[in-house]
Structures are given as structure tokens and as C-alpha cells.
Amino acid sequence: MDESFKSGPVGAMRRRLLLERPVGVPDGSGGEMRSHELVAAVWARVEWLSGEERWRAGRPEQALSHRISLRWRAGVDAGQRLRDATQIFEIRAVADPDGGRRRLVCLAEEVRP
């Protein structure tokens, strides 16, 4: 087993993050705007993996990849996000590495303007 997936001590989960899921909110014109609603507050361990600069709409932005470990919980999926104040981690993939329903590992991307 890859050592990075082993769960460390409980004390390693020091960051309190908000798990949010996307929801559609009517925009008043018959359309829909994307918003997020709170699912739960979770304790997590956030590890920086890599970063790159890229251009979007003629402006540079930083895209940072993170591995975020948290206690196992049902219903965490790609497309949701984890938030710590203004820092937002878009979840790209979720895995239960050992199948034991003890920990979840989320691969997430943070984009900064």
C-alpha cells in the first residue's frame, strides 16, 4: 500500500473545513445560477502536491493541487468542494484507499487569481 494513504494520528487533521455541494438557484429570468450549500463541517489534513500557472480569459491564475484526508463519510463526491474562509478546494476525485470506511482521500484543486 502507498504510504501516503495510511491514516496518521488523529491530531494530523487540524483544519476545520466546510463541505459544500452545488445547487441550482433560480436567477429570476427562468435560468439558474450555481450556488453551494453547506453539507457538514469536517476536520481534515491538507497537503499541497503541486502547482502551476495558467492563463484563463487573458489573465494568469495559479492552480494548486492538494490531497485532503478526512474521516470517512458517505456522500462525498467529485464536484463538491471544501472551504476554509476564502480558500476553496474543488474536489476532483474521492477514494477510500483501503476500503475500510475509516478515511477518505480527496484530490482537490485550488484556483487563485
Side-chain angles (χ1 to χ4, degrees):
M1 177 193 303
D2 182 349
E3 292 296 315
S4 63
F5 287 132
K6 288 190 177 179
S7 58
V10 173
M13 292 189 204
R14 295 181 180 166
R15 290 195 55 189
R16 189 75 164 165
L17 302 177
L18 301 177
L19 175 63
E20 300 175 332
R21 69 173 165 229
V23 293
V25 176
D27 65 5
S29 301
E32 200 172 73
M33 291 178 36
R34 183 176 145 182
S35 183
H36 289 84
E37 71 179 10
L38 179 64
V39 174
V42 297
W43 288 103
R45 177 180 181 188
V46 179
E47 301 170 81
W48 180 81
L49 296 176
S50 66
E52 67 178 2
E53 181 180 74
R54 60 186 180 204
W55 288 82
R56 182 174 296 180
R59 298 180 63 185
E61 67 180 17
Q62 295 178 27
L64 308 172
S65 297
H66 299 273
R67 177 179 24 244
I68 302 175
S69 303
L70 52 135
R71 286 193 176 102
W72 188 90
R73 64 177 293 123
V76 178
D77 295 309
Q80 294 177 336
R81 70 185 193 180
L82 292 159
R83 184 169 52 87
D84 181 4
T86 59
Q87 195 173 21
I88 297 174
F89 305 98
E90 298 285 342
I91 299 173
R92 302 294 187 218
V94 180
D96 177 6
D98 63 5
R101 291 187 167 194
R102 290 188 302 263
R103 298 281 188 259
L104 281 181
V105 176
C106 302
L107 296 180
E109 183 179 62
E110 175 191 7
V111 176
R112 295 180 184 169

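Note: hydrogens, waters and symmetry copies are ignored here, and every other heavy atom, side chains too, is used. In this chain, residues are counted from 1 in sequence order. This is a predicted model, so every value here is computed, not measured.
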Search all heavy atoms of [X] against all heavy atoms of [Y] and return the closest pair with its distance.
X   : Y    : result
G79 : R34  : O-NH2, 4.5 Å
A78 : A93  : CB-N, 4.3 Å
I68 : A108 : CD1-CB, 4.0 Å
A40 : R73  : CB-NH1, 3.5 Å

If you measure from [atom1] on [X] to [atom2] on [Y], what distance do you get to the nearest 0.5 Å?
X    : Y    : atom1 : atom2 : result
L70  : C106 : CG    : SG    : 5.0 Å
E37  : L19  : CD    : CG    : 10.5 Å
H36  : R83  : NE2   : CZ    : 9.5 Å
L64  : L49  : CG    : CG    : 10.0 Å
E109 : S65  : CD    : OG    : 6.0 Å
D84  : F89  : CG    : CZ    : 6.5 Å

Honestly curious: do [X] and [Y] fall in one hydrophobic cluster under the side-chain, below-4.5 Å linking rule?
X    : Y   : answer
V39  : V94 : yes
L17  : W72 : yes
V42  : V46 : yes
L104 : L82 : yes

R101 atom CZ, neighbour heavy-atom count above 12 within 6.0 Å: no
Discussion item. Does any part of the side chain of I91, heavy atoms only, come nearer than 4.5 Å to the side chain of V76, both counted from C-beta?
Written reply: yes
Is R45 salt-bridged to E47, cutoff N-O under 4.0 Å?
-> yes
**Asked** Between the side chains of H66 and E110, is a donor N or O closer than 3.5 angstrom to an acceptor N or O?
**Response** yes
Q. Do Q80 side-chain atoms and G75 backbone N/O form a donor-acceptor pair below 3.5 Å?
A. yes
Item checked: D27 side chain to M33 backbone, donor-acceptor under 3.5 Å -> no
| request: Under the salt bridge (charged side-chain N to carboxylate O under 4.0 Å, His left out) rule, what do R54 and E52 come out as? Steps first, then yes or no, please. | output: CA-CA 6 Å; R54 60 186 180 204; E52 67 178 2; 3.7 Å; yes
